[in-house]
> 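Okay, handing you the structure first.
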Amino acid sequence: MTETSGKTATPERPRSPRRRGPFARLSLWTRQVVAELRKVVYPTRKQLLTYTAVVLVFVTIMITFVSLLDLGLGWAMFEIFG
């Protein structure tokens with residue numbers, strides 16, 4: 001195996017970020033939070049009511065399913081083990 005160049009490849013060290021004080025970091029964090037909150041798309045009142053209704057119906061169905069399953073298995077246990 002022959003080497004084509006006389007230099008060996010050395011990995012470059014990543015540059016460490018500039019060290020900031022606590023107030024500068026807090027300020028940066030606050031600016032980033034505000035920038036992210038500007039991107040938020042809030043639902044309209046109609047969408048909010050629709051989503052709420054869907055969640056309530058789903059939760060009611062799941063409560064009914066789990067309750068019936070619990071009652072059925074409880075009844076089966078009493079029948080089997082008496």
Side-chain angles (χ1 to χ4, degrees):
M1 185 190 285
T2 60
E3 194 172 314
T4 58
S5 68
K7 294 183 180 181
T8 59
T10 58
E12 248 184 67
R13 286 181 42 191
R15 293 184 181 187
S16 61
R18 195 176 81 206
R19 194 80 176 144
R20 294 187 173 118
F23 293 110
R25 285 185 283 165
L26 182 62
S27 175
L28 174 64
W29 178 79
T30 304
R31 282 184 277 132
Q32 289 174 344
V33 167
V34 169
E36 287 298 319
L37 284 175
R38 286 188 179 137
K39 297 177 188 177
V40 174
V41 178
Y42 293 99
T44 63
R45 184 174 181 84
K46 183 179 177 182
Q47 289 173 330
L48 187 63
L49 292 174
T50 302
Y51 298 156
T52 303
V54 167
V55 168
L56 291 176
V57 168
F58 178 76
V59 168
T60 304
I61 290 171
M62 291 309 295
I63 288 172
T64 304
F65 174 72
V66 170
S67 297
L68 290 175
L69 189 64
D70 181 51
L71 286 172
L73 290 174
W75 175 82
M77 290 296 112
F78 279 118
E79 288 296 316
I80 293 172
F81 299 112

> Mind checking the OH-CG spacing from Tyr42 to Leu37? Nearest 0.5 Å is all I need.
5.5 Å

> List the steps and the verdict of side chain to side chain contact (heavy atoms under 4.5 Å, CB included) for Glu36 and Val40.
CA-CA 7 Å; Glu36 287 298 319; Val40 174; over 6 Å; no

> Got a donor-acceptor contact below 3.5 angstrom from the Ser27 side chain to the Phe23 backbone?
no

> Could you measure the distance from the CD1 atom of Ile61 to the CG atom of Leu56? Nearest 0.5 Å is fine.
11.0 Å

> Of all heavy-atom pairs between Arg20 and Arg25, which one has the smallest distance, and what is that distance?
O-NE, 3.4 Å

> What distance separates Trp75 CH2 from Ile80 CD1, expressed to the nearest 0.5 Å?
8.5 Å

> Could you give the distance from CE (Met77) to CG (Leu73), rounded to the nearest 0.5 Å?
6.5 Å

> Give a yes or no answer on whether the side chain of Gln47 reaches the backbone of Thr44 with a donor-acceptor pair at less than 3.5 Å.
yes

